[in-house]
Amino acid sequence: MRANIHLDKEFTVGEVDKRIFGSFIEHLGRAVYGGIFEPGHPQADKDGFRQDVLQLVRDLDVPVVRYPGGNFVSSFRWEDSVGPVGQRPRRLDLAWKAVEPNIFGLNEFMAWTKQAKTEAMMALNLGTRGIEAASALVEYCNHPGDSYWSDLRRSHGVKDPHGIKLWCLGNELDGPWQVGQKTPEEYGRLAFETAKALKLFDPALELVAVGSSNRHMPLFPQWEATVLEHCYDKVDYISVHEYYANRANDLPTFLANSIGMDAFINDVVATCDFVQAKKRGKKPIHLSFDEWNVWFHSNEADKKLTPWTVGPAQLEDVYTFEDALVVGTLINTLLRHADRVKIACMAQLVNVIAPIMTRNGGRAWKQTIFWPLYHASKFGRGTSMNLKLDVPFYENATFGQVPWLDASAIKSEDGKTVTLFVVNRSPDQTIELTGSFAGMEHLKLVGHTELHHGDIKAVNNEAHPDNVVPREKPVKPTPVGQVTEALSPLSWNVLRFQA
Ligand code: AHR
């Protein structure tokens, strides 16, 4: 099969906000306890931070990490997580039916972000709590001193303010599973008043209002419309969440889920723009796709968990090679919407539906899905280019006509490199890819990295951490107009072009 990607130097989507390569740490399962934090582990430092995990996080170059939830945050008392560790209460976490010992809390997380070379995206509890607790937390984190909450922070040994800029106004409050579920009217009012208080403290804070928990929620997209009609003036982003699954073991449909993600983004953008128009507003509301991933492998195991333990093995999806392909197409979709999707967090970072896995007391390793995120974070910063893909389609009952290839194109920040990320969805056809780059004909193919495995269900694990790994394919520097590059059936490809 043959395909062509057409780019034009003058036609761009927009700058890629690096926060599109963000991630998420929730107090859930072994994300914190046994994941990023494991005192006594041979790789842990004096603070209990696992250095092997930190190295993998730095390798991913994660620009922002959402914290501390998720569903967890909706009944969380942040005050429990600060101050002398011995005096912190153990609490029942109603969201995940686990025990939260509060040994690792807010200030520990902020210390961890420094080592991880990342920034915090802090979520507020607007499930069981409200304006007062949210304002107190922001003052505790960001005010230098000489006020009740900032002095409390200083008394906890943290002299300098954390300076957290990005705040989530709650989590999934449309969901019946959420502690403190709200109607869109209730939430819209609360989000507006909380945002107002926070922006009185600091107008430069960036605030994310809660959007629908997924595209199939009964209130979508009326939820977004109503919420934004209340809080449009005070917020900057609306959150978008979606997880993808292959429960029916139907590969052609699973691989086409990016088409659903694309439609979801278009619907949310249209709703934001509708409210903006109604308000005669000047600012666009951007999207924070702050939970996305494949999630289904662990569903059955989670039903058998014993409740009320610390750090249970919960949501521990072991990802296959096909999941990595889907993740590649989802990243492409986010990049193709770089003009409106400014933040995206793969959910989550370690152990819990995550690219990084650990064993308590044992090693840390990269899951299959680590690789497309790694490549995108490394080569996907710059300007997202408009691309026209000429490639045959297959018919799918759920998604209609699905192109055999899925692609995105990024011009690097220094303008010297154009990178194509391409997934070949075909199970049996090599695709001969050509490129026509108008105004960039001088570029030559200088690199082709491929992630491919003969077994679509192949996984990485502690014994075989390098079962699914990318490999460099030999390339001769050839001008783009003369390149015909073979893309293996079922593969994720990173093609780099330079002068
Ligand atoms: O990421 C796991 C969970 O998925 C989060 O806690 C919640 O926000 C979503 O439903």
Side-chain angles (χ1 to χ4, degrees), residues 22-33 35-36 62 64-76 78 92-98 100 109 121-128 167-182 187 191 208-220 223-224 227 237-245 261 264 287-303 305 307 311-319 323 327 330 343-357 367 369 373:
S23 195
F24 180 22
I25 287 284
E26 177 166 5
H27 279 255
L28 159 56
R30 296 191 306 121
V32 172
Y33 303 107
I36 62 175
V62 181
V64 70
V65 179
R66 187 166 174 252
Y67 176 85
N71 297 339
F72 171 82
V73 82
S74 292
S75 52
F76 175 53
W78 69 264
L92 297 188
D93 162 28
L94 300 175
W96 299 106
K97 290 188 177 294
E100 174 51 57
F109 177 70
M121 175 184 195
M122 195 61 73
L124 297 161
N125 174 359
L126 293 189
T128 60
W167 295 82
C168 303
L169 299 167
N171 177 73
E172 293 191 351
L173 288 156
D174 62 331
W177 57 87
Q178 206 68 213
V179 182
Q181 184 191 5
K182 312 252 179 299
Y187 174 70
V208 185
V210 166
S212 297
S213 297
N214 61 65
R215 196 175 168 217
H216 306 287
M217 293 303 288
L219 290 182
F220 175 74
W223 170 276
E224 280 76 359
V227 165
Y237 307 93
I238 187 100
S239 72
V240 189
H241 290 184
E242 190 76 273
Y243 294 96
Y244 303 92
M261 182 194 238
F264 190 14
L287 276 54
S288 173
F289 212 126
D290 44 44
E291 287 190 34
W292 69 269
N293 203 348
V294 171
W295 173 15
F296 72 106
H297 296 285
S298 57
N299 293 168
E300 290 307 310
D302 285 352
K303 289 181 191 154
L305 282 174
Q314 211 162 4
L315 276 69
E316 297 207 356
D317 276 40
V318 176
Y319 288 112
D323 298 327
V327 161
L330 299 176
I343 302 161
C345 303
M346 178 188 263
Q348 299 191 10
L349 184 55
V350 185
N351 289 332
V352 172
I353 43 174
I356 300 168
M357 285 294 274
Q367 294 233 57
I369 63 167
L373 185 64

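Just so you know, ligand 1 is whichever comes first in the structure, and atom 1 is the first atom listed for that ligand.
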Colleague: Kindly write out the residues that satisfy side chain to side chain donor-acceptor pair (under 3.5 Å) with Ser23, not counting sequence neighbours, or none if the list is empty.
Modeller: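 With neighbours one apart ignored, the set is empty.
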Colleague: Please name the residue in the list Val65, Val62, Asn351 that meets the side chain to side chain contact (heavy atoms under 4.5 Å, CB included) test with Ile25.
Modeller: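 With Ile25 as partner, side chain to side chain contact (heavy atoms under 4.5 Å, CB included) holds for just one option, Val65.
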Colleague: Please name all residues satisfying ring-ring contact (aromatic ring centres under 6.0 Å, His included) with Tyr187, sequence neighbours left out, ordered by chain then number.
Modeller: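 So Tyr187 forms a ring-ring contact (aromatic ring centres under 6.0 Å, His included) with Trp223.
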Colleague: Which protein residues have a heavy atom closer than 4.0 Å to any atom of ligand 1, listed by chain and number?
Modeller: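 Lining ligand 1: Phe24, Glu26, Gly70, Asn71, Trp96, Asn171, Glu172, Tyr243, Glu291, Trp295, Leu315, Gln348, Ile353.
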Colleague: Just jot down the side-chain contact (heavy atoms from CB on, under 4.5 Å) partners of Pro176, sequence neighbours excluded, or say none.
Modeller: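 Pro176 satisfies side-chain contact (heavy atoms from CB on, under 4.5 Å) with Gln181, Met217 once adjacent residues are dropped.
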Colleague: Does a side-chain N-to-carboxylate-O contact under 4.0 Å join Arg30 and Glu316?
Modeller: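 Counted as a salt bridge, because a side-chain N and a carboxylate O are separated by less than 4.0 Å.
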Colleague: Given His27, which of Phe109, Phe72, Trp96, Trp78 fulfils the ring-ring contact (aromatic ring centres under 6.0 Å, His included) condition?
Modeller: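 Of the listed residues Phe109, Phe72, Trp96, Trp78, the ring-ring contact (aromatic ring centres under 6.0 Å, His included) partner of His27 is Phe72.
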